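Below is one structure; the comments refer to it alone.
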There are 2 protein chains.
Amino acid sequence: MSTVGKAVSLLELFTLAEPEIGLSELARNAGLDKATTRRLLVALINGRLVEQEPRSRRYRLGAGLSRLARIRDAHFPFVRVAAPVARALALETGETVHVSEFSAGALLTVDVALSAKANRVNVDVGQVLPLHGTASGIAFLSACDGAAADAYLGGPLDKFTPHTVASREGVMEAVRAAAAHGYSRSAQGYEEGVHSVAAPIFGADGRAIGTLAVASPVSRIDDAVAVRQGEAAVRAAREISAGLGGEVARLGTGSERANFILSGN
Amino acid sequence: MSTVGKAVSLLELFTLAEPEIGLSELARNAGLDKATTRRLLVALINGRLVEQEPRSRRYRLGAGLSRLARIRDAHFPFVRVAAPVARALALETGETVHVSEFSAGALLTVDVALSAKANRVNVDVGQVLPLHGTASGIAFLSACDGAAADAYLGGPLDKFTPHTVASREGVMEAVRAAAAHGYSRSAQGYEEGVHSVAAPIFGADGRAIGTLAVASPVSRIDDAVAVRQGEAAVRAAREISAGLGGEVARLGTGSERANFILSGN
DNA sequence: GTCCTAGGTTCATTATTCGAACCTCTGTTT
DNA sequence: AAACAGAGGTTCGAATAATGAACCTAGGAC
């Protein structure tokens, strides 16, 4: 692994649950030597991607990240456009809504609007979702570049729960269904007790760049509710796509597209 | 320079003005070889800190930055707390307000609320401000850790305009005045025609972690206006400090503190 | 066609990274 | 108070990863 890769892996150790970490723990969790970890941290601190709390000497994510994220957001306002739509949809459906952006083979959760209910699904900003096993992933696969989808399906597909669809054929079937309906549906494929529907968010070239998902406790879901949520998710995702300059119209019907995508090899 | 430092320097080439850059230009601007640049970019892409636009093959900041910034923000909600206060102050004063956070020896502009006027000061999110020569920098020095201030003043002090106060004594004088008033004032020290007042934002330990500044065209400023802006900036900065759990009360009077800070060596 | 510049890759050379062992400090146990 | 444990941090010879000149291909411009 490259030195830069190691440095980035240090950044990824900081989570909502553990936003400040000491040197030894960082080294342990990253599988690196303490001296190496320290050298990388110093480089990251100089780049302002990490800060060190002077009192506790623990490390945390740095202000440079806020700065870079703002620069990115000004150019490519994914979160800014998606957040209000997600809030509105969470209010409308009464369920947790989360928005993910595709990057390097996975979906990154970049915004979450929690349900107001006590019994709700909790999703954390920062969570990384696989492309199979989640409604978001299937929705993404149903509308992304075909070659990328094939490449992903060629790799190993982990099983996260007993319900995870982990076969290439099963995933393709789900993708076809998602392409036909415009939204995907997944029950307990990634976490027990969670039901999700998701719709793709489109970029300017008509391909998916992310997803919007509605996640509910399975106990509240029947087919009628799922269909209503799915259609609402599609509407919300379209609104975000439009806000980003994404084109949706030119896609044609879902099933055409599904056949196109999954025809290769 | 470390490999990681080089990778970070690549990130810093992306700005509001130029958010997508090609390989050759990145290499040129970073002063690196094309092969090296490419290798670093691949590592950054794998870490999702950079993305490559498939059509143009140009590079831009990646979704991982949004994700990491959100994790940081949840733990340390500087921007989230400061942004609405800055907007309110921009409305109240009719001038551009910008909020900066200290990191690695400089102030990073992390939020800007522009004046509604046609003739206004424009500040970009992402701009890096020195600690001398700007009202923000002086305000920060007046309330930060004394050792850090001394270390900074020990280094070279660039002159940005003919008006820049670039002598150690001059800066210390300005810092003392800022500590006495609670806010700093600077006319054309960083950019011609720009007048600023700034107040420090405090962290939980009573030391400055950032600043809030009001920037106006010099033509609109006289002493009375500057004082009004300064007092408003102090109020706004206090509000942000309080929102962050920062303590302000225990500081004592400004001049006591100034003497304390600048007494060393 | 020829020239220019772009993105991207190769591989012998070279400089940087690595990590076991070490130091220091703080808080806890005996 | 002595011994211990685990924290943060540093050192320096050995090992590995980074480097960059030269190269390839592709797309304009003329």
Side-chain angles (χ1 to χ4, degrees), chain A residues 1-15 17-62 75 103-105 145 147-148 151 205, chain B residues 1-15 17-62 75 103-105 145 147-148 151 205:
Chain A
M1 189 186 217
S2 72
T3 310
V4 174
K6 284 172 203 157
V8 173
S9 77
L10 284 180
L11 292 178
E12 314 230 301
L13 294 177
F14 296 95
T15 61
E18 198 175 18
E20 289 202 355
I21 314 183
L23 175 63
S24 298
E25 191 181 344
L26 277 168
R28 250 181 279 117
N29 293 346
L32 298 172
D33 187 85
K34 220 167 33 159
T36 301
T37 305
R38 169 98 177 114
R39 220 167 357 84
L40 295 175
L41 283 170
V42 168
L44 290 170
I45 287 169
N46 288 334
R48 301 184 240 264
L49 302 189
V50 165
E51 289 169 355
Q52 183 171 26
E53 172 66 33
R55 300 154 95 72
S56 66
R57 292 182 154 184
R58 288 150 65 85
Y59 301 87
R60 63 164 175 242
L61 296 174
H75 173 56
S103 186
D145 179 61
D205 59 355
Chain B
M1 189 187 217
S2 71
T3 310
V4 175
K6 285 172 205 158
V8 173
S9 77
L10 284 180
L11 292 178
E12 313 227 301
L13 295 177
F14 296 95
T15 61
E18 198 176 17
E20 290 202 355
I21 315 182
L23 174 63
S24 298
E25 191 181 344
L26 278 168
R28 249 182 279 117
N29 293 346
L32 299 172
D33 187 86
K34 220 167 34 159
T36 300
T37 304
R38 168 99 179 115
R39 221 168 355 86
L40 295 174
L41 283 170
V42 168
L44 290 170
I45 287 170
N46 289 333
R48 301 184 241 263
L49 302 188
V50 165
E51 291 168 353
Q52 183 171 27
E53 172 66 34
R55 300 152 94 72
S56 66
R57 293 181 153 184
R58 285 149 68 86
Y59 300 86
R60 62 163 176 242
L61 297 174
H75 174 55
S103 186
D145 178 62
D205 59 355

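Reminder, nothing fancy here: chain letters follow the sequence lines and each chain counts from 1. Quick caveat, the model's predicted, so the values are computed rather than measured.
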Does a nitrogen or oxygen in the side chain of [X] sit under 4.0 Å from OP1 or OP2 of [N]?
{"X": "B:Tyr59", "N": "C:dG8", "value": "yes"}
{"X": "A:Arg38", "N": "D:dG8", "value": "no"}
{"X": "A:Arg57", "N": "D:dA7", "value": "no"}
{"X": "A:Arg28", "N": "D:dA7", "value": "yes"}

>> Do B:Leu10 and B:Leu13 have side chains that approach each other closer than 4.5 Å (heavy atoms only, starting at C-beta)?
In response: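 Yes - at least one pair of side-chain heavy atoms lies under 4.5 Å apart.
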> Between A:Arg39 and A:Thr36, is any pair of side-chain heavy atoms under 4.5 Å apart?
Replying inline: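 Yes. Closest side-chain heavy atoms under 4.5 Å.
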What is the distance from [atom1] of [X] to [atom2] of [N], rounded to the nearest Å?
{"X": "A:Leu26", "N": "D:dG9", "atom1": "CG", "atom2": "C1'", "answer": "14 Å"}
{"X": "A:Glu20", "N": "D:dG8", "atom1": "CD", "atom2": "C1'", "answer": "15 Å"}
{"X": "B:Leu10", "N": "D:dA18", "atom1": "CG", "atom2": "C1'", "answer": "14 Å"}
{"X": "B:Asn29", "N": "C:dA6", "atom1": "CG", "atom2": "P", "answer": "11 Å"}

> Under 4.0 angstrom, heavy atoms only, what part of the nucleic acid is B:Arg58 near: base, sugar-phosphate, or nothing?
Replying inline: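 Nothing: the residue B:Arg58, judged by heavy atoms under 4.0 Å, touches no strand.
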> Considering the options A:Arg58, A:Lys34, A:Arg28, which one meets the side chain to side chain contact (heavy atoms under 4.5 Å, CB included) requirement together with A:Leu23?
Replying inline: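 Filter result, single survivor: A:Lys34.
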> Which heavy atom in A:Glu12 sits nearest to a heavy atom in B:Gly47, and how many Å separate them?
Replying inline: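 In this case the closest contact between A:Glu12 and B:Gly47 is OE2-O, 3.9 Å.
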> Minimum heavy-atom separation for B:Glu53 to B:Ser56, with atom names?
Replying inline: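 Smallest interatomic distance, heavy atoms only, reads CG-OG, 3.3 Å.
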> Per the side chain to side chain donor-acceptor pair (under 3.5 Å) rule, which among A:Glu25, A:Glu51, A:Arg38 passes with A:Tyr59?
Replying inline: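 For A:Tyr59, the side chain to side chain donor-acceptor pair (under 3.5 Å) test succeeds with only one of A:Glu25, A:Glu51, A:Arg38, which is A:Arg38.
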> Taking protein heavy atoms under 4.0 Å as touching, what does nucleotides 12-25 of chain C look like 5' to 3' if B marks base contact, S marks sugar-phosphate-only contact and - marks none?
Replying inline: ----SSBBB-----
>> Rounded to the nearest 0.5 Å, what separates atom CG in B:Asn29 from atom CD in B:Glu18?
In response: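 Between atom CG of B:Asn29 and atom CD of B:Glu18 there are 6.5 Å.
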>> Could you go through A:Arg60 and A:Glu20, starting from their C-alpha distance and side-chain angles, then the distance that decides it, and tell me whether this counts as salt bridge (Lys or Arg N to Asp or Glu O under 4.0 Å)?
In response: CA-CA 5 Å; A:Arg60 63 164 175 242; A:Glu20 289 202 355; 3.2 Å; yes
> Under a 4.0 Å heavy-atom cut-off, which of residues 45-55 of chain B touch DNA chain C?
Replying inline: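 Contacts with DNA chain C under 4.0 Å: B:Gln52.
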